[in-house]
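Each remark here refers to the structure printed beneath this line.
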Amino acid sequence: MGGRTIRGCASRLPAGRHPVADPRAVRAGPARRRVGRLPSARHRLAPVLEPRRMTRTRIAPSPTGDPHVGTAYQALLNYGFARQRGGAFILRIEDTDQARSKRAFETAILRSLRWLGLAWDEGPDVGGPFAPYRQSDRLDSYREVAEGLLRDGRAYRDYADGEGGAFAIRLRTPTSGRIALPDRLRAGLSKDWESVDDPVLLKSDGFPTYHLANVVDDHRMEISDVIRGEEWIASLPKHLLLYEALGWEPPAFWHVPLLRNNDRNRSKLSKRRSPTSLDFYRDAGFLPEALVNFLGMLVWTRASGEEKFSLEEFVARFDLASISVAGAVFDTGKLAWLNGRYLREDYDPVGIAALLRRWRYDDRTLEQAAALAQPRMKTLGDFGPLTAHFFADETPLDPALLARGRDASEVAEWLLLAEWALEGLDDFTEAAVHAALRGVAESVGVKLGPFTRPLYLAISGSAASTPLFGSMVLLGSSMTRMRLRRARAALGGVSRKRQKKLRARRSTA
RNA sequence: GUCCCCAUCGUCUAGUGGCCCAGGACGUCGCCCUUUCACGGCGAAAACACGGGUUCGAGUCCCGUUGGGGACGCCA
């Protein structure tokens with residue numbers, strides 16, 4: 001953990017000589033703070049009345065994991081805001097984490113957002129006037145900006161963590177004073193510079209950090225409104241300082257509340273606690289219009305109280321300035337109710353049949369299911385029961401059956417390790433799944449047969465069913481992992497502490 | 001721990017100083033409909049976190065407390 005702070009480092013400018021970051025910065029001092037206080041959130045700043053420039057918003061996902069409902073939620077707000085003002089909605093890929101970014105994730109994210117109907121005007125796939133829209137394709141521009149900052153003395157080199165002569169470039173932040181943080185959803189925010197560390201701008205591998213890349217791109221792509229999660233409020237001073245140092249006018253910032261887990265603490269939505277993958281919702285049989293409606297419902301309701309509305313209506317009527325700033329719980333129960341309404345009210349039986357064909361009852365899926373079921377069929381009538389789990393969201397789980405005499409916590413660990421192994425797979429093929437699971441079985445010292453028994457039950461809900469690996473592939477990665485997770489939970493789960501230990505052991509292996 | 005944010009039924013919300021002994025929806029419970037289960041209909045329980053102010057009047061404004069969340073990475 002070296003290299004973190006820099007407070008008191010010789011390379012800093014003396015505090016007094018440092019330019020104040022923002023003309024709107026307020027002076028330090030407790031008395032001053034109170035007097036200058038703006039009205040609270042109830043009296044929010046009115047939205048800009050005379051937009052001097054075109055409204056341009058963006059969603060900037062990082063391709064480091066499965067497409068996330070949080071990304072869809074952010075995308076919806078950005079999309080809606082831009083559309084209702086006749087502006088443009090941009091999709092930009094923030095793949096500046098070389099270790100974790102994968103092109104497969106990017107592809108999946110684009111596919112999911114398209115599935116939801118949140119079409120972008122500019123993006124890596126459709127191009128646009130500010131191409132390229134993938135940050136790894138614009139590395140030169142960040143380096144150039146960082147070096148300019150270096151020359152101006154606004155940034156400095158940090159050799160702390162680099163290998164050889166490699167260095168990172170950090171931004172020099174003031175050590176005293178207080179900066180006002182303009183936010184369209186909360187009036188009167190501010191923060192002491194003393195609590196802001198010098199952020200890394202350019203990593204020693206030559207890639208920019210989020211701080212640099214988002215500022216450079218938002219400016220160059222002429223983003224007018226940055227609508228992002230409130231988790232970014234703490235780093236707003238860094239971003240504002242960058243805009244100031246670069247002589248650029250910052251966009252308007254809207255820090256929207258985070259989606260929460262449906263647990264006691266309402267922590268930030270995480271896959272630990274509830275399904276977060278958009279692929280999962282698609283595979284479980286949720287309709288894109290219901291999911292979008294649900295996400296919109298979390299921040300806006302019609303005067304009539306009717307909670308079902310189309311994307312078009314949401315775009316036309318929702319008011320970003322008046323959304324609730326308290327984070328909403330992502331309640332899958334209510335989502336399911338809404339989805340049911342769409343199924344009942346918007347389709348006739350013919351329409352439902354078409355929906356089903358598009359979902360999983362297509363020839364290809366049926367043929368693959370047939371290949372898995374055929375050896376076990378005596379009559380065509382066996383097909384239904386044998387393959388029911390392919391056309392279902394949840395399967396029945398019996399903890400006693402899952403553990404089958406073994407220690408429940410041990411089996412839960414197997415399921416966790418299996419989930420992790422499958423998570424890392426680039427190609428979700430039968431051979432890859434087989435190899436991954438055999439690896440896990442070996443690592444826990446159990447033969448593949450007994451190891452996979454609980455997995456059969458988790459996947460199919462039955463001990464007599466289709467072959468495991470082929471079933472997993474047909475179900476898809478997202479649904480497969482969800483079933484393993486649900487089975488693990490049914491067995492009592494694996495403690496956090498134990499997970500940490502397993503993870504450590506796994507990374508050394 | 002430090003800094004920042006937030007606070008109406010279990011959950012999503014309406015409420016922008018009098019229309020609120022707080023309205024709607026999900027969930028829960030009861031009844032009705034019905035060959036089952038759903039759907040649908042009707043009804044019930046269920047909230048302004050607490051304490052101080054300001055005001056003729058506070059869920060609504062201010063302060064504090066408590067609670068919760070977020071950030072504190074060469075992740076985003």
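Order of the sequence lines fixes the chain letters, A, B, ..., with proteins taken first and strands second; residue numbering starts at 1 for each chain.
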Just to be sure I understand the rule, does [X] reach a base, reach only the sugar-phosphate, or reach nothing, if contact means heavy atoms closer than 4.0 Å?
{"X": "A:Ala168", "result": "base"}
{"X": "A:Glu94", "result": "sugar-phosphate"}
{"X": "A:Arg100", "result": "base"}

Considering Watson-Crick and G-U wobble pairs with both distances under 3.5 Å, what does [N] pair with?
{"N": "B:C50", "answer": "B:G64"}
{"N": "B:C72", "answer": "B:G1"}
{"N": "B:U16", "answer": "none"}
{"N": "B:C26", "answer": "B:G10"}
{"N": "B:G59", "answer": "none"}
{"N": "B:U35", "answer": "none"}

Does the Lys NZ or Arg CZ of [X] fall within the cation-pi geometry relative to [Y] - under 6.0 Å from the ring centre and within 45° of the axis?
{"X": "A:Lys308", "Y": "A:Tyr342", "value": "yes"}
{"X": "A:Arg503", "Y": "A:Trp420", "value": "yes"}
{"X": "A:Arg157", "Y": "A:Phe167", "value": "yes"}

Distance between the [atom1] atoms of [N] and [M], in whole angstroms?
{"N": "B:C21", "M": "B:C26", "atom1": "C1'", "answer": "25 Å"}
{"N": "B:C48", "M": "B:U8", "atom1": "C1'", "answer": "4 Å"}
{"N": "B:C56", "M": "B:A47", "atom1": "P", "answer": "31 Å"}
{"N": "B:C42", "M": "B:U60", "atom1": "P", "answer": "33 Å"}
{"N": "B:G23", "M": "B:G15", "atom1": "C1'", "answer": "9 Å"}
{"N": "B:C4", "M": "B:U65", "atom1": "P", "answer": "13 Å"}
{"N": "B:G51", "M": "B:G24", "atom1": "C1'", "answer": "31 Å"}
{"N": "B:G59", "M": "B:U13", "atom1": "C1'", "answer": "14 Å"}

With a 4.0 Å limit, can you tell me whether [X] has a side-chain N or O closer than that to the phosphate oxygens OP1/OP2 of [N]?
{"X": "A:Asn265", "N": "B:G69", "value": "yes"}
{"X": "A:Lys268", "N": "B:A71", "value": "yes"}
{"X": "A:Thr301", "N": "B:C12", "value": "no"}
{"X": "A:Lys203", "N": "B:C75", "value": "yes"}
{"X": "A:Arg178", "N": "B:C4", "value": "yes"}
{"X": "A:Arg344", "N": "B:G40", "value": "yes"}
{"X": "A:Arg266", "N": "B:U11", "value": "yes"}

With respect to the side chain of [X], which nucleotide from [options] is positioned closest?
{"X": "A:Lys334", "options": "B:C6, B:U13, B:G24", "answer": "B:G24"}
{"X": "A:Ser62", "options": "B:A76, B:A71, B:A7", "answer": "B:A76"}
{"X": "A:Asp197", "options": "B:C72, B:C6, B:C74", "answer": "B:C72"}
{"X": "A:Val329", "options": "B:A76, B:U11, B:C5", "answer": "B:U11"}

* Can A:Arg143 and A:Glu147 be counted as an ion pair, charged N to O under 4.0 angstrom? ->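 Yes, this pair counts.
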
* To do: Using a strict cut-off of less than 4.0 Å between a Lys/Arg side-chain nitrogen and an Asp/Glu carboxylate oxygen, indicate whether A:Arg302 and A:Glu307 qualify as a salt bridge.
  =>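 The answer is no: the pair does not qualify as a salt bridge.
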
* Per the atom types in the model, does the base of B:C74 pair as donor or acceptor with the side chain of A:Ser204 at under 3.5 Å? ->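 Indeed, a donor on one side and an acceptor on the other fall under 3.5 Å apart.
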
* If only atom types and distance count, is the side chain of A:Asp97 paired as donor or acceptor with the main-chain N or O of A:Thr64 below 3.5 Å? ->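 No, the answer is negative, given that no donor and acceptor are paired below the 3.5 Å cut-off.
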
* Asked: So, the side chain of A:Tyr159 versus the backbone of A:Gly164: is there a donor-acceptor pair under 3.5 Å, distance only?
  ->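 No.
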
Could you state the [atom1]-[atom2] distance from [X] to [N], rounded to the nearest angstrom?
{"X": "A:Asp331", "N": "B:A25", "atom1": "CG", "atom2": "P", "value": "16 Å"}
{"X": "A:Ile323", "N": "B:A14", "atom1": "CD1", "atom2": "C1'", "value": "16 Å"}
{"X": "A:Trp193", "N": "B:C4", "atom1": "CH2", "atom2": "P", "value": "14 Å"}
{"X": "A:Asp319", "N": "B:U16", "atom1": "CG", "atom2": "C1'", "value": "12 Å"}
{"X": "A:Gln135", "N": "B:A76", "atom1": "CD", "atom2": "P", "value": "9 Å"}
{"X": "A:Trp232", "N": "B:C3", "atom1": "CH2", "atom2": "P", "value": "22 Å"}
{"X": "A:Arg260", "N": "B:C12", "atom1": "CZ", "atom2": "P", "value": "9 Å"}
{"X": "A:Leu171", "N": "B:C74", "atom1": "CG", "atom2": "P", "value": "14 Å"}

* **Earlier contact from the 5' end, RNA chain B, for A:Asp95 and A:Leu258** =>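 Result: A:Leu258.
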
* To do: Between A:Thr96 and A:Ser304, just flag the one whose closest nucleotide in RNA chain B comes earlier from the 5' side.
  =>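 Looking at RNA chain B, the more 5' nearest nucleotide goes with A:Ser304.
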
* Any side-chain donor near an acceptor of the partner, A:Ser478 and A:Asp283, under 3.5 Å ->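 No, A:Asp283 and A:Ser478 have no side-chain donor paired with an acceptor closer than 3.5 Å.
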
